[in-house]
Amino acid sequence: LLRQRLRIGLDRDYRSYERETPGFRGRVLFRESIKKLSLQHGRTVSRFDLFTHDISKNQIIRSALVHLLKTADFGEFRSESAKELRANIRGLVRSMSDVTLVPLRIQDIISAQRKRNDRDYALMLTICRFLVENLMPTESAGAAKTPLIRRSDIKFFYKLYEDFVAKFYKIHLKNWFVRPQHMFKW
């Protein structure tokens with residue numbers, strides 16, 4: 001899913017920066033420029049906006065991948081599939097090198113902006129939230145236990161798995177009519 005998003009292009013948005021730059025860029029902050037004696041060196045302190053990939057959604061996804069690489073057990077360490085999975089995740093992290101790492105907090109994941117046409121981002125952020133809530137160890141000490149998976153989450157993962165299997169068979173079995181089964185109300 002992330003590889004497909006990288007091929008399409010990561011979401012970008014405007015982000016405000018306040019930096020010392022050579023020459024003029026954006027709004028010049030004369031008070032700060034004078035305080036830092038920047039003008040004497042041909043520089044100014046400016047506030048400007050950049051259209052960048054370094055936005056909260058991408059930061060959360062990259063940080064979750066890095067944390068997954070550091071802490072996750074991918075099965076037998078020496079197996080080919082575990083090595084291949086680690087290499088794939090490392091490649092994804094490398095391809096997002098212009099996105100900064102952030103501490104993973106559930107509140108940030110919940111408040112990450114989701115646009116209407118970003119279903120793939122909604123799924124990726126939901127997976128990140130699941131990882132943070134249930135699988136990822138935290139650096140803070142405490143007697144907290146791993147939270148139990150809610151019944152609604154179990155239903156969601158059953159549905160996700162069933163949809164995956166149906167789409168897999170739909171792609172690989174060309175002459176068959178395949179669809180996920182419908183839930184019966186008892």
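Model, not experiment: these values are computed from the prediction. Quick note: residue numbers are just sequence positions, from 1.
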Report whether V102 and I106 are members of the same hydrophobic cluster (ILVMFWY, side-chain heavy atoms less than 4.5 Å apart, transitive linking).
no

Output for pair (L104 CG, R129 CZ), nearest 0.5 Å, gives 13.5 Å

Heavy-atom donor-acceptor pair, N58 side chain to H53 backbone, under 3.5 Å
yes

For a side-chain contact (heavy atoms from CB on, under 4.5 Å) check, start with the C-alpha distance between R15 and I55, then their side-chain angles and the critical distance, and finish with the verdict.
CA-CA 8 Å; R15 191 164 174 201; I55 58 175; 5.5 Å; no

Between the SG atom in C128 and the NZ atom in K57, the distance rounded to the nearest 0.5 Å is 12.5 Å

In this structure, OH of Y14 is separated from CG of D49 (nearest 0.5 Å) by 8.0 Å

How long is the gap from NE2 on H67 to CG on L131, to the nearest 0.5 Å?
9.5 Å

Are L125 and I89 linked, directly or through other ILVMFWY residues, by side chains that come within less than 4.5 angstrom of each other?
yes

State yes or no: do F51 and Y17 share one hydrophobic cluster built from I, L, V, M, F, W and Y residues joined by side-chain heavy-atom distances below 4.5 Å, directly or via other members?
no

Does a sphere of radius 6.0 Å around OH in Y169 hold more than 12 heavy atoms from other residues, nucleotides or ligands, not counting ones at 6.0 Å or beyond?
no

Quick check: does any side chain N or O of T44 sit under 3.5 Å from a backbone N or O of S46, one acting as donor and the other as acceptor?
no

What pairs of donor and acceptor atoms, side-chain ones from residues 25-41 against any protein atom, are under 3.5 angstrom apart with sequence neighbours left out?
residue	atom	partner	partner atom	Å
S33	OG	L29	O	2.9
S33	OG	V45	N	2.8
S38	OG	E20	OE2	2.3

One should read off an interatomic distance between R62 CZ and S95 OG, to the nearest 0.5 angstrom, of 9.0 Å

When rounded to the nearest 0.5 angstrom, what distance separates CD1 in I109 from OG in S56?
10.5 Å

Side chains of R86 and L69: does their closest heavy-atom pair fall under 4.5 Å?
yes

